[in-house]
Structure formats: structure tokens, C-alpha cells
Amino acid sequence: MAILEVRNVSKYFGGLAALSNLDLTIDEGEIRGLIGPNGAGKTTLFNVISGVYRPTKGSIIYQGEDISHLSPSQIAAKGLVRTFQRTALFHDFTVLKNVVIARHLRAKETVFGAIAGTAKQMEKENEEKALEIVEFLELGHLKDELALNLPHGHQRALGVAIALATEPKVLMLDEPLTGMNPVEKEHMIGLIRKLHESGITILMVEHDMKSVMGLCLYLSVLDFGKLLVEGTPQEIQKNPQVIEAYLGGEEVVA
């Protein structure tokens with residue numbers, strides 16, 4: 001069953017079409033890879049889906065609802081959450097505090113709740129849930145470490161933890177492996193698999209072809225803002241259009 005649909009979406013900047021009549025369907029429980037050469041429109045599509053940009057034409061349907069007119073915070077509150085290439089952290093706060101803050105952004109704390117004394121209970125629940133998330137993403141041993149002191153791979157994992165604190169149904173990962181060494185990359189791949197196995201639908205943009213083909217059962221390839229082709233990693237690897245447009249005539253190494 002489709003949880004996210006991109007229906008005939010175009011996005012223009014001046015006279016330039018960054019996306020053109022794009023259709024994309026993501027099924028619930030799927031882990032989908034979105035690939036393509038630089039300038040293919042992948043980041044623009046993420047920005048349109050997450051509400052940073054509004055489509056010039058077409059609509060974004062999430063769980064049967066048109067969310068094209070909603071703000072990023074409204075979309076995230078519905079469970080459609082994204083990470084960014086550059087992780088936004090509170091560097092002077094601990095790992096755990098970063099996730100607690102993310103929980104606060106989601107919490108439905110009211111003035112009445114504060115007067116009634118439920119705010120303190122909510123704070124306790126937020127801390128407990130934040131600790132669960134930190135442990136789930138294998139950052140428990142670093143929970144009291146300042147974010148600025150973390151190596152790059154752990155900072156990216158903390159970015160995922162912050163996204164997870166908002167309780168997403170669909171998680172959009174924007175180049176989660178960027179800048180990682182082989183050990184960090186292997187660890188992040190394991191975490192992404194854990195997220196998927198926990199029931200979260202994942203849509204990810206990634207340039208590391210070997211990793212994305214190992215993670216995703218199905219890939220969508222963009223080129224010049226259009227959907228070029230879709231298929232399994234094996235199909236994409238051998239597709240002549242992909243080899244020409246995305247790889248410049250060189251076959252993908254899986």
C-alpha cells in the first residue's frame with residue numbers, strides 16, 4: 001500500500017525546470033533508493049516532499065492526504081521526517097540532551113498541562129524515550145558526551161537519532177554516508193537496516209552506489225529532473241540508460 005506519492009510534480013526556478021512531471025510511489029515498509037547524477041533533482045525532490053519548497057505543479061500525497069501546502073514542521077508532525085546532508089546539532093549539548101530537545105519539539109505540552117503538573121511527567125517521559133533512542137542507535141556509551149566532540153560518523157548517527165525522536169513513519173535520509181570512512185559507513189548501514197526492520201519506511205538519497213544497492217531492494221533513478229527508470233539493483237546496474245546517463249558509460253559496481 002502506498003504511503004507516499006509524488007504525483008505529476010514539477011518545480012521551476014525562474015525558467016529552469018528542476019523537476020518535470022515527476023511521478024513516484026513509495027510503499028509502506030519499503031526502503032527505496034533515489035539515485036542520479038549531480039543536478040538530477042534529488043535534493044529538490046526531497047525539499048518539495050518535506051515542504052521546504054512547494055511544487056510549481058502537481059501534488060505530494062502522504063497517507064492519502066495532499067500535503068503540498070503544508071509547512072515543513074506540519075509535515076514532520078504527521079510523521080514524514082527528513083535528515084539533511086549537514087547535520088544540525090546543538091554542539092554544546094550532550095548527545096542525550098540533543099535527543100531530548102527533539103522530543104520537546106514533538107511533545108504536545110500545553111499551558112494547562114504545565115498548570116496541572118503534567119509537564120514534569122512529560123519531561124521524564126521525554127528523557128526516557130530519548131535514552132531508548134540513543135541506546136537503539138548504539139550511542140548509549142556516548143550519551144553524556146558533547147556533540148562537538150563526536151567523530152563524524154557518530155555525529156551523523158546523532159542526526160538520525162534526532163530525526164527518530166520525532167517518531168517518523170517515513171524517514172528521508174539525505175546522503176547519510178557522506179564523508180564517512182569505511183568503518184563508520186558500515187556502522188551507519190547497520191543502523192539504517194535496524195531502522196527499516198523496526199517498521200519505518202525509508203527513502204534515501206545516496207551517491208555511494210555499492211552501499212545503496214546493498215541496502216535497497218528497489219531504486220528510482222532521476223536525470224534532469226525526470227524519472228529515468230526504476231527497478232531492482234540488478235536491473236539498474238545493467239540498464240543501458242542508467243549506464244549512459246548516470247555513469248557516463250561505465251557499469252555500476254555492485
Side-chain angles (χ1 to χ4, degrees), residues 1-7 9 11 19 24-32 34 42-55 58-91 93 95-110 113 122-123 125-134 136-137 139 147 155-176 178 188 191-192 194-196 198-206:
M1 180 179 178
I3 192 170
L4 177 64
E5 297 174 79
V6 177
R7 294 182 181 173
V9 164
K11 178 61 184 177
L19 299 173
L24 193 68
T25 300
I26 309 298
D27 289 334
E28 187 172 3
E30 187 178 359
I31 178 168
R32 173 75 64 90
L34 185 64
K42 305 182 298 297
T43 297
T44 300
L45 177 58
F46 261 37
N47 284 334
V48 169
I49 292 174
S50 60
V52 177
Y53 300 148
R54 291 192 178 180
S59 55
I60 306 297
I61 308 298
Y62 173 64
Q63 292 188 311
E65 177 188 356
D66 188 342
I67 60 170
S68 308
H69 61 289
L70 299 181
S71 68
S73 60
Q74 289 172 320
I75 291 172
K78 290 180 176 294
L80 178 55
V81 179
R82 72 170 290 184
T83 64
F84 292 84
Q85 291 179 30
R86 287 191 171 187
T87 302
L89 306 175
F90 292 99
H91 286 92
F93 290 171
V95 167
L96 184 60
K97 186 66 174 178
N98 267 274
V99 183
V100 169
I101 289 171
R103 289 289 303 168
H104 276 299
L105 294 177
R106 182 193 178 279
K108 298 176 180 177
E109 188 171 333
T110 64
M122 185 171 288
E123 173 71 16
E125 291 174 358
N126 282 336
E127 289 186 1
E128 290 174 350
K129 184 63 178 179
L131 185 57
E132 286 180 20
I133 292 168
V134 167
F136 178 77
L137 290 177
L139 293 169
Q155 287 196 2
R156 297 306 293 264
L158 177 54
V160 174
I162 289 169
L164 197 58
T166 65
E167 299 185 8
K169 295 181 179 69
V170 176
L171 184 58
M172 300 167 59
L173 300 174
D174 194 356
E175 299 192 24
T178 296
M188 178 58 78
L191 294 181
I192 293 171
K194 282 182 69 174
L195 291 171
H196 182 232
S198 74
I200 297 173
T201 302
I202 294 176
L203 174 63
M204 62 181 292
V205 167
E206 183 53 58

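A quick note: this is a predicted structure, and the numbers were derived from the prediction, not measured.
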Pairing residues for Ser198 by the side-chain contact (heavy atoms from CB on, under 4.5 Å) criterion, not counting sequence neighbours: Phe136, Ile200

Kindly give the heavy-atom pair with the smallest separation between [X] and [Y], and that separation in Å.
{"X": "Ala130", "Y": "Val100", "result": "CB-CG2, 3.6 Å"}
{"X": "Ser59", "Y": "Ser68", "result": "CA-OG, 3.2 Å"}
{"X": "Ile192", "Y": "Pro176", "result": "CD1-CG, 4.0 Å"}
{"X": "Pro55", "Y": "Val9", "result": "CB-CG1, 4.0 Å"}
{"X": "Val99", "Y": "Ala161", "result": "CG2-CB, 4.0 Å"}

Residue pair [X] / [Y], side-chain heavy-atom distance below 4.5 Å:
{"X": "Val160", "Y": "Leu195", "value": "yes"}
{"X": "Phe46", "Y": "Leu203", "value": "yes"}
{"X": "Val170", "Y": "Gln63", "value": "no"}
{"X": "Val48", "Y": "Val6", "value": "no"}
{"X": "Ser50", "Y": "Pro72", "value": "no"}
{"X": "Arg32", "Y": "Ile202", "value": "no"}
{"X": "Lys129", "Y": "Ile133", "value": "yes"}
{"X": "Leu4", "Y": "Ile60", "value": "yes"}

Just how far is it from atom [atom1] of [X] to atom [atom2] of [Y], taken to the nearest 0.5 Å?
{"X": "Ile3", "Y": "Thr25", "atom1": "CD1", "atom2": "OG1", "value": "12.5 Å"}
{"X": "Leu171", "Y": "Thr83", "atom1": "CG", "atom2": "OG1", "value": "6.0 Å"}
{"X": "His196", "Y": "Glu30", "atom1": "NE2", "atom2": "CD", "value": "7.5 Å"}
{"X": "Tyr62", "Y": "Ile26", "atom1": "OH", "atom2": "CD1", "value": "12.5 Å"}
{"X": "Leu164", "Y": "Lys194", "atom1": "CG", "atom2": "NZ", "value": "10.5 Å"}
{"X": "Ile101", "Y": "Phe93", "atom1": "CD1", "atom2": "CZ", "value": "4.5 Å"}

Qualifying residue, where the test is salt bridge (charged side-chain N to carboxylate O under 4.0 Å, His left out) with Arg103 and the options are Glu127, Glu167, Glu125: Glu167

Reference residue Arg156; test side-chain contact (heavy atoms from CB on, under 4.5 Å); the match among Leu191, Thr178, Leu173: Thr178

Candidate list Thr201, Leu80, Val205, Val81, test side-chain contact (heavy atoms from CB on, under 4.5 Å), partner Met172, passing option: Leu80

Glu28 atom CD: more than 12 heavy-atom contacts under 6.0 Å: no

Residue pair Glu65, Lys78: steps toward the salt bridge (charged side-chain N to carboxylate O under 4.0 Å, His left out) verdict: CA-CA 10 Å; Glu65 177 188 356; Lys78 290 180 176 294; 3.2 Å; yes

Exam field: side chain Asn98 to backbone Phe90, donor-acceptor pair closer than 3.5 Å: yes

